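Structure record follows, encoded as structure tokens.
The model shown is predicted, which means the values in this text are computed figures rather than measured ones.
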Amino acid sequence: MADNNDSGLRPQEVEVFARGLWYLATIDGEAEAREQALIREFLDEANSDLKWDEVTRGDFAPIEAATVLETTFLRRIFMKVAVALVHADGVYTDNERNAIGEFADVFGMSNADFGAIEQEGKKVGLAAE
């Protein structure tokens with residue numbers, strides 16, 4: 001596999017994005033069809049050859065994201081997408097809030113930074129049309 005793809009992300013970064021989003025999508029049980037579609041769309045747009053079984057294998061921990069997503073830029077993008085994903089169904093549960101908070105903690109984000117990203121992520125509008 002090449003070091004980068006059309007998205008500019010390394011394969012390891014694509015995998016962490018996809019698996020981290022799957023982790024969030026399933027934090028309250030089963031991922032909804034819209035959440036699965038968004039993750040698949042990300043993989044397609046990243047031109048990734050990552051297998052769906054790898055995305056959904058279920059052994060993800062937020063610390064993996066901190067290890068692989070090394071730049072503030074990538075961490076902020078991940079957080080915005082993550083917040084948008086958990087808001088896509090119109091319900092933001094305590095489990096989702098706690099899981100997003102775990103990512104913010106491992107990324108070393110301040111409460112102010114996290115709050116700003118949370119507000120930006122809510123505005124992304126991934127809800128079904």
Side-chain angles (χ1 to χ4, degrees):
M1 188 187 290
D3 286 345
N4 281 354
N5 49 44
D6 292 343
S7 69
L9 296 173
R10 294 178 298 137
Q12 302 90 334
E13 293 165 343
V14 170
E15 181 176 349
V16 162
F17 262 79
R19 293 186 64 231
L21 294 173
W22 179 258
Y23 170 81
L24 290 167
T26 59
I27 202 76
D28 282 328
E30 300 224 4
E32 294 184 11
R34 177 74 175 147
E35 293 167 325
Q36 291 184 46
L38 291 168
I39 296 167
R40 288 179 189 272
E41 181 180 342
F42 166 74
L43 291 171
D44 287 344
E45 289 185 10
N47 198 26
S48 175
D49 60 0
L50 185 65
K51 304 291 183 231
W52 191 245
D53 288 349
E54 285 295 307
V55 173
T56 62
R57 72 178 188 233
D59 61 345
F60 185 84
I63 192 68
E64 290 179 57
T67 302
V68 174
L69 304 178
E70 297 172 340
T71 67
T72 300
F73 173 76
L74 286 177
R75 290 174 175 190
R76 290 180 64 84
I77 295 297
F78 176 85
M79 290 295 288
K80 286 180 191 178
V81 173
V83 169
L85 180 81
V86 298
H87 283 279
D89 63 359
V91 179
Y92 190 33
T93 68
D94 288 342
N95 287 342
E96 290 169 332
R97 181 179 304 279
N98 290 336
I100 292 279
E102 285 182 67
F103 283 101
D105 288 345
V106 299
F107 289 160
M109 292 184 163
S110 69
N111 287 340
D113 283 344
F114 174 60
I117 288 171
E118 192 172 33
Q119 292 305 310
E120 292 170 22
K122 287 179 187 178
K123 295 176 187 174
V124 171
L126 297 178
E129 297 175 0

Starting at [atom1] of [X], measure out to [atom2] of [Y] and round the result to the nearest 0.5 Å.
| X | Y | atom1 | atom2 | answer |
| --- | --- | --- | --- | --- |
| L69 | R76 | CG | CZ | 14.0 Å |
| I100 | H87 | CD1 | NE2 | 7.5 Å |
| E70 | E13 | CD | CD | 7.5 Å |
| N95 | L24 | CG | CG | 11.0 Å |
| Q12 | L50 | CD | CG | 11.0 Å |
| I27 | R97 | CD1 | CZ | 14.0 Å |

Quick one: does [X]'s side chain have a donor or acceptor within less than 3.5 Å of a partner on [Y]'s backbone?
| X | Y | answer |
| --- | --- | --- |
| Q119 | A116 | no |
| E96 | T93 | yes |
| Q36 | A31 | yes |

Exercise for the section: Applying side-chain contact (heavy atoms from CB on, under 4.5 Å), run through F42 and V55 and close with a yes or a no. Expected result: CA-CA 12 Å; F42 166 74; V55 173; over 6 Å; no
Practice task
Mind telling me whether F60 and Y23 have parallel, tilted or perpendicular rings, with 30° and 60° as the class edges?
Solution key: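 Ring orientation, 0 to 90° scale: tilted.
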Exercise for the section: Mind telling me whether F107 and F78 have parallel, tilted or perpendicular rings, with 30° and 60° as the class edges? Expected result: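 Ring orientation, 0 to 90° scale: perpendicular.
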Problem - N111, CG atom: more than 12 neighbouring heavy atoms under 6.0 Å - result: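 No, CG of N111 has 12 or fewer neighbouring heavy atoms, counting only those of other groups under 6.0 Å.
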